[in-house]
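Any value given below was found using the heavy atoms of this structure, including those in side chains, with hydrogens, waters and symmetry copies removed. All chains are named by letter (A, B, ...) in the order of the sequence lines, taking the proteins before the strands, and each is independently numbered beginning at 1.
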There are 2 protein chains.
Amino acid sequence: MPVTLQDVAREAGVSPATASRALNAPELVAPARREHVRKVAAQLGYRPNRAARELITGRTGNLCLVVPDLENPFFAAVAKGVQARARALGLAVVVADSEEDGHLETELVGRLGAQVDGVVLCSPRMTDEALDEALARDVPLLLVNREHPGAASVVIDNADGVRQAVAHLHALGHRRIAYAGGPAGSWSDARRREGLHRAAASLPGTEVVELGHVAPVFDGGVSVADLVVANAATAVLAHNDLVALGILHRLVARGVRVPDDVSVVGYDDSPAATLVAPALTTVRVPLARLGRDAVDALVNHAPRAARRRTASGETESPAPVRLSVELVVRDSTGVAATAGDA
Amino acid sequence: MPVTLQDVAREAGVSPATASRALNAPELVAPARREHVRKVAAQLGYRPNRAARELITGRTGNLCLVVPDLENPFFAAVAKGVQARARALGLAVVVADSEEDGHLETELVGRLGAQVDGVVLCSPRMTDEALDEALARDVPLLLVNREHPGAASVVIDNADGVRQAVAHLHALGHRRIAYAGGPAGSWSDARRREGLHRAAASLPGTEVVELGHVAPVFDGGVSVADLVVANAATAVLAHNDLVALGILHRLVARGVRVPDDVSVVGYDDSPAATLVAPALTTVRVPLARLGRDAVDALVNHAPRAARRRTASGETESPAPVRLSVELVVRDSTGVAATAGDA
DNA sequence: AGACGTGCTGCAATCGCTTTCATGGCGCCT
DNA sequence: AGGCGCCATGAAAGCGATTGCAGCACGTCT
């Protein structure tokens, strides 16, 4: 039923080889003939059979994207970016949701990786060892939001985002800042924590109160909000907007005024940040660009086994693409309440 | 480099044919041999080449999901459901974002449809004519959130959701209810509108004020919020939660109290509904189930050209799967303000 | 004029797997 | 004991595209 290259060739009065070349390597076939073949193909509605092509070329024209949670606006935005860029390049995207589970993630990469040209692995939850194994397969792998020796990656400047946030809070007079961290084992959380302490250290008199690890969702924020108050912090920095929103919600519910009593800062600037009142001050992450750049990096840079070994025998990582972030000040942060009383 | 069926066959001392059967049609090969082959395959880490299989069987093991906007929590949730169910069935999902554009949607269905076993088309924006054409191709097509003659579909009971919402508002004393409709041409919006008027008609003294078509996003809600007040409605029903949130935001911003002055009802019960204060009263849609059932319906019911013609010559639609919805009452709805003054 | 290069084209092999068909061996029935 | 049929197996034919290689025709250089 579907029209094959053979059909086109026959109809155009050329051999299949010529028909193929007319479409894929135009410079190899005489102009007149080439145009004729193309016209016939168009008119017959010819669509190359991808399976057949893949079988011989080894390329599928598919990319795979693995994310921890499609419903998380952060990943949804990245997915959208990946999607858009891939389409522009004529690639299709196979999406998989790992349900925040490192093992499932590993399995998905293994299963899906075999049938695509490359895998974009977003905020991987898997261990470094599992990552090593995944890299050992011969599928180009690109990490988003995580760095790993030998792996190509696109990341944001986690530490700098925190630095900007802290500088902002410090400027408003906050000296005791709580941090609601991300999931245990989150690479980006570790970077932010690090940046947080460095930033605090460089700002005289600034103390950091770590509130521990929090599930990166609304309820996670709800569950730590009281700790902010209990620790007498005048500001809290959350691992992401969802957590910030949860904190905000709980604070307001118990009568704490934001930003009068406590300032709240999120991270990501997901759409939800402006859904609430007061609108969330947050660190804007170029979500869509993260996705786009991931595809570009994967296509350009990670063609079949990106890791090489240097003469010294060390594993050489391709330099990560690092995207800058920018603090967006909205209504959830304000001048610090006068310390203690008043 | 990758291990092929040939390798397995050679290693196991059987012909490729037998190896193939041992893995795909176990009953056709002697138990001892079968197990041996399977063991060898496992041990060699054999992974069938999908392209080769597809080339001969014509089945790809891929499903395609087309949604208007991946970042919209409604579609994200459906995508997640589709994803999960497909994985359980051993299928991969190719996701495409049509950017709310009917033409792009049509093109995507055409392009991607050719390389998958079936397409789940979610809330299609394309015209009925384009849908007809899409159906004419021989790719099984399943519609979510839209019905169309001759197409299999999974929908929610749009009208009933609105009915429940109206009944709730009516019970609270609201008599003048505004409706912020969905995008022009939205099938579900038409169903809801219809249900709205029917519900209103059955409830004595209830008036409906149509606010027109609204972009199904936060800003869309913001832009019609003032109309609610201007029309002296005491309650407003929005096409979805995002719009409801926008309305809520704007009302609060201009000092209208919710629910004291105006009650707001959303639709979908997306996660965002509980992010705000007051929490949104909304119609809960079984989002994940929508996705799961879509996959099931596609796989079971729409195998290659679901439409048939009855003896009478009419096009026979497979009966749509209709999922029920349920009103979730939260804090954005309350007893109607006494009419006019006081 | 002959040799050689260049530019197009077609033949045929090939990718890895499935599936039809033919074959050989064995058990069972009469 | 012979014949029939069934079961398990292997040989081989593709699925639809790409591509190395060879060949042909023509133009050019010597």
Asks: Would you mind reporting whether A/Thr60 and A/Asp117 have side-chain heavy atoms less than 4.5 Å apart?
Replies: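 Yes, side chains in contact.
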
Asks: Return the set of residues passing side-chain hydrogen bond (donor to acceptor under 3.5 Å, both in side chains) with B/Asn72 (not counting sequence neighbours), or none when no residue passes.
Replies: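 B/Asn72 satisfies side-chain hydrogen bond (donor to acceptor under 3.5 Å, both in side chains) with no other residue.
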
Asks: Can you find a pair of side-chain heavy atoms, one from B/Glu133 and one from B/Thr106, that are under 4.5 Å apart?
Replies: no

Asks: Go through the structure and list residues passing side-chain hydrogen bond (donor to acceptor under 3.5 Å, both in side chains) with B/Arg125, not counting sequence neighbours.
Replies: B/Glu100

Asks: Rounded to the nearest Å, what distance is computed from the CD atom of residue A/Gln115 to the C1' atom of nucleotide C/dG16?
Replies: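 Distance, rounded to whole Å: 15 Å.
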
Asks: Rounding to an integer number of Å, can you tell me how far B/Tyr46 OH sits from C/dC17 C1'?
Replies: 7 Å

Asks: Walking along DNA chain D from 5' to 3', note the first and the last nucleotide with an atom under 4.0 Å from a heavy atom of chain B, and give both.
Replies: D/dA8 to D/dG16

Asks: Evaluate the side-chain proximity of A/Val29 to A/Val14: yes if any heavy-atom separation is below 4.5 Å, no if none is.
Replies: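 When only atoms from C-beta onward are counted, A/Val29 and A/Val14 do not touch, as no gap falls below 4.5 Å.
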
Asks: Going by the rule side-chain hydrogen bond (donor to acceptor under 3.5 Å, both in side chains), which residues pair with A/Asn62 if we only count those two or more places apart in sequence or in a different chain?
Replies: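 By the side-chain hydrogen bond (donor to acceptor under 3.5 Å, both in side chains) rule, A/Asn62 matches no residue at all.
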
Asks: With sequence neighbours left out, what residues match A/Arg289 under salt bridge (charged side-chain N to carboxylate O under 4.0 Å, His left out)?
Replies: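 Here the qualifying residues are A/Asp293.
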
Asks: For residues 81-91 of chain A, dump all side-chain donor-acceptor pairs below 3.5 Å to protein atoms at least two apart in sequence or in another chain.
Replies:
from, atom 1, to, atom 2, distance (Å)
A/Gln83, OE1, A/Arg87, NH1, 3.3
A/Gln83, OE1, B/Asp97, N, 3.1
A/Gln83, NE2, B/Val95, O, 2.9
A/Arg85, NE, A/Asp296, OD1, 2.8
A/Arg85, NE, A/Asp296, OD2, 3.0
A/Arg85, NH2, A/Asp296, OD1, 3.3
A/Arg87, NH1, B/Asp97, O, 3.0
A/Arg87, NH2, B/Glu99, OE2, 2.9

Asks: Restricting to side chain to side chain contact (heavy atoms under 4.5 Å, CB included), what partner residues turn up for A/Leu290, sequence neighbours left out?
Replies: A/Phe74, A/Val78, A/Val144, A/Val154, A/Ile156, A/Val285, A/Leu323

Asks: So do B/Leu121 and B/Glu105 actually touch side chain to side chain, heavy atoms under 4.5 Å?
Replies: yes

Asks: According to side-chain hydrogen bond (donor to acceptor under 3.5 Å, both in side chains), who are the partners of A/Arg53, at least two apart in sequence or on a separate chain?
Replies: none

Asks: Quick check on contacts: within residues 17-37 of chain A, what sits under 4.0 Å from DNA chain D by heavy-atom distance?
Replies: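 Residues of residues 17-37 of chain A under 4.0 Å from DNA chain D: A/Ala17, A/Ser20, A/Arg21, A/Asn24.
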
Asks: Might you list the N or O atoms of the protein lying below 3.5 Å from N or O atoms in nucleotides 22-26 of chain C, with each pair's distance?
Replies:
none

Asks: Which pairs, with at least one residue in residues 25-50 of chain B and sequence neighbours excluded, count as a side chain to side chain donor-acceptor pair (under 3.5 Å)?
Replies: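 Of all non-adjacent pairs touching residues 25-50 of chain B, those that pass side chain to side chain donor-acceptor pair (under 3.5 Å) are A/Gln115-B/Arg50.
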
Asks: Contact class for B/Gln6 (heavy atom, under 4.0 Å): base, sugar-phosphate, or nothing?
Replies: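 Base contact.
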
Asks: Working to the nearest 0.5 angstrom, can you tell me the gap between A/Asp69 CG and B/Lys80 NZ?
Replies: 3.5 Å

Asks: Starting from the first five and the last five pairs of the helix from C/dA1-D/dT30 to C/dT30-D/dA1, work out the angle between the resulting helix axes, to 10 degrees.
Replies: 50°

Asks: Using the closest heavy atom to pick a nucleotide of DNA chain D for each, name whichever of B/Ile56 or B/Ser15 lands nearer the 5' end.
Replies: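 Of the two residues, B/Ser15 wins.
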
